[in-house]
**Student:** 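This structure is in structure tokens; I'll ask about it shortly.
Bear in mind that the values here come from a model prediction, so they are computed numbers and not experimental data. Chain naming here is simple, since letters A, B, ... match the order of the sequence lines and numbering starts at 1 in each.
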Protein chains: 2
Amino acid sequence: MPLSPRVPELGALELLLAVARLGSVGRAAAELGVSQPAASARIKGMERQIGVPLLERSPRGSRPTETGRVVVEWARNVVEAAQALDAGIDALRERRDARLTVVASLTVAEYLMPGWLLALHQVSPDTSVILRTANSADVASHVLAGDADLGFVEGPTTPPGLAGAVVAADRLVVVVAPSHPWARRRTPLTGAELAATPLVLREPGSGTREVLEQALAPYGGATTPRLELASSTALKAAAMTGAGPVCLSELAVTEELATRRLVAVPVDVDLARPLRAVWPAGHRPAGPARVLLGLTRKQ
Amino acid sequence: MPLSPRVPELGALELLLAVARLGSVGRAAAELGVSQPAASARIKGMERQIGVPLLERSPRGSRPTETGRVVVEWARNVVEAAQALDAGIDALRERRDARLTVVASLTVAEYLMPGWLLALHQVSPDTSVILRTANSADVASHVLAGDADLGFVEGPTTPPGLAGAVVAADRLVVVVAPSHPWARRRTPLTGAELAATPLVLREPGSGTREVLEQALAPYGGATTPRLELASSTALKAAAMTGAGPVCLSELAVTEELATRRLVAVPVDVDLARPLRAVWPAGHRPAGPARVLLGLTRKQ
DNA sequence: AGAGGGGCATAGGGCCAGGCTATGTCCTCA
DNA sequence: TGAGGACATAGCCTGGCCCTATGCCCCTCT
């Protein structure tokens, strides 16, 4: 589903937010470091693109119109996601002046790090972070070797030689399209039912696959999957097009569940997978690592 | 906090997602309707901007590198928010061939409509929607007059002459910065405590203000606010900079709560505010209105 | 009443990002 | 060894965006 050409660019959205916040095109222009005419033209271009006036101009400043306010809120979501991306990108760049090095498993890096990085930046703006990704075993060895100040791993145990704390819990969920009969199901699926159902899954060897096999072992293990796909995205797409029940990480589908593009089926089996922060045993995190750790702690 | 110039544009992010999905720069270029060299150059530019290789090129196609996969997930959030904006913009444009007209209160339009519109588009791509915003009273009159097929209002009752169903529940929350003492509070605030605390609030006359007054009436009503601000954004900013406890709509702060840039304080008072879909009594929604209604129903 | 200032719009000119076509290089497979 | 798929390079062009300068409007202060 390609984005229509009617969507303003990030710069324009950011400008719109600044105008809404500051109450004046000129001030917004100054804050973003462009000239007032440039900002004015850009807003006007955006209004032409959308086909709806967004600002009420007056000699005393500019305020969003009613529809403008709505667009501003929508734009805010885009810009906030872009800020998360920005924070992430910044952490991926290797920089000599960097102070805090973190190595995280893919799930943590993909779904949780951006928010944490943003929060950290707000608390201590001068801390720069280097983010590396690795599988759980490599995370452990990086932290042990002192390559990283803090690690994040998935799995039930803390690797030997490390101390750690659970910071969040991922959980596998079974999701279906809203049109699927299970979408209206109230009574939880039993382990036996789940084990007997051909599911759409990640390929063997993936972390999610392991958790599922372990959870269903008491019921004779899962039956042959209906389909095996290589990425969470492919799984989501399969679920939405009605390919049948899909089992994947909850973190990958929060958005789809919130908007009900996908529906979670209640399940009677524990599919939780704790996410841990780890550090060398005996070396309690200090400084920026400690701050970050505090931000990630489960509420 | 201006976005750094290192953030790729929406078009580039979309291209990256397409490459990751299709496994080839050329195919992604074709899907987005640009030439292969253009796509290639754009990806390369993005890698230069970020400072990290994103794709593993091979003579048989391109796959994201490890860090590429992480960036892809981050980019997906941005593009999905942009798609929600796109769907919203599309619904704001008046179009002659439009089939379904919806009028919603500001809260619903801002925070819930985009997801619903996306979901509707996926279920029935040919339905085009016109979205108008109004306060709850005007929503009722528009729906009664037949100007709109479906309305969404906030408030405890269904307006006279209309039938309706609760589709979601907004709720006021008290939020503080993570550094605030209340952030670690476990025992819920009592109504009396809340009534005695000077809060940061929206201006008088706002919907949230009404709900709060009503909920705190048994405790003698809320004390004089510490600060009155004109927008949810201003409230959030105030909360983050530690201006004290802020009371606002839960829907406005889901993101901040999830990433712990803000923390919700448990409260012992019911601050719920139901959101209803409404239609003319006796005229059960049919066609696209019925589909949309089904998508919005609370899980 | 007039001057000044804040705020937005218009005009004219310049720059560069990104697009296109054509072509090159590399690998794989028949 | 030749064909085909996939990405990179070269050269050129267009248009979007930005800047400075200026105009118009309204409010406020003197």
**Student:** So, does B:T65 use its side chain to make a donor-acceptor pair with the main chain of B:E56 at under 3.5 Å?
**Tutor:**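 Checked: no pair found.
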**Student:** Heavy atoms only, 4.0 Å cut-off, all strands: where does A:S35 land among base, sugar-phosphate and nothing?
**Tutor:**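 The residue A:S35 makes base contact.
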**Student:** Ignoring hydrogens and geometry beyond distance, is a side-chain donor-acceptor pair present between B:E154 and B:T107 at under 3.5 Å?
**Tutor:**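 On atom types as modelled, these side chains qualify, holding a pair under 3.5 Å.
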**Student:** Using a 4.0 Å heavy-atom cut-off, write out nucleotides 25-30 of chain C from 5' to 3' as B (base contacted by protein), S (sugar-phosphate only) or - (no contact).
**Tutor:** --S---
**Student:** Are A:W74 and B:Y111 an aromatic pair by the rule of ring centers under 6.0 Å?
**Tutor:**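 Here the rings of B:Y111 and A:W74 have centres that are no less than 6.0 Å from each other.
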**Student:** Take A:K236 and A:E256, measure what salt bridge (charged side-chain N to carboxylate O under 4.0 Å, His left out) needs, and give me the verdict at the end.
**Tutor:** CA-CA 9 Å; A:K236 288 196 266 186; A:E256 285 80 5; 3.4 Å; yes
**Student:** What's the separation between atom CG in A:L85 and atom CG in B:L13, rounded to the nearest 0.5 Å?
**Tutor:**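 The CG atom of A:L85 sits 6.0 Å away from the CG atom of B:L13.
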**Student:** Name the closest nucleotide to the B:P37 side chain, picking from C:dC8, C:dA22, C:dC20.
**Tutor:**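 Of the options given, the side chain of B:P37 lies nearest C:dA22.
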**Student:** Between which nucleotides of DNA chain D, 5' to 3', does chain A make heavy-atom contacts below 4.0 Å?
**Tutor:**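 Range of nucleotides within reach of chain A: D:dC18 to D:dC26.
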**Student:** Is any NZ, NE, NH1 or NH2 atom of the basic residue among B:R69 and B:E66 found under 4.0 Å from an Asp or Glu carboxylate oxygen of the other?
**Tutor:**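 Salt bridge: no.
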**Student:** Would you kindly give the CD-to-C1' distance between B:Q36 and C:dT21, to the nearest whole Å?
**Tutor:**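 Interatomic distance, CD of B:Q36 to C1' of C:dT21: 12 Å.
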**Student:** Just to be sure I understand the geometry, which residues of residues 40-51 of chain B put a non-hydrogen atom under 4.0 Å away from DNA chain D?
**Tutor:**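 Listed by number, they are B:S40, B:K44.
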**Student:** Just to verify, what does B:E80 make a salt bridge (charged side-chain N to carboxylate O under 4.0 Å, His left out) with, not counting sequence neighbours?
**Tutor:**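 For B:E80 there are no salt bridge (charged side-chain N to carboxylate O under 4.0 Å, His left out) partners, ignoring immediate neighbours.
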**Student:** Which residues pass the side chain to side chain contact (heavy atoms under 4.5 Å, CB included) test with A:R27, sequence neighbours left out?
**Tutor:**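 Applying side chain to side chain contact (heavy atoms under 4.5 Å, CB included) to A:R27 gives A:L22, A:S24.
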**Student:** Show your working on salt bridge (charged side-chain N to carboxylate O under 4.0 Å, His left out) between A:R57 and A:E47 and close with a plain yes or no.
**Tutor:** CA-CA 13 Å; A:R57 279 86 161 170; A:E47 286 176 322; 2.9 Å; yes
**Student:** Scan the side chains in residues 37-44 of chain B for donor-acceptor partners under 3.5 Å anywhere in the protein, sequence neighbours excluded, and list what turns up.
**Tutor:**
none

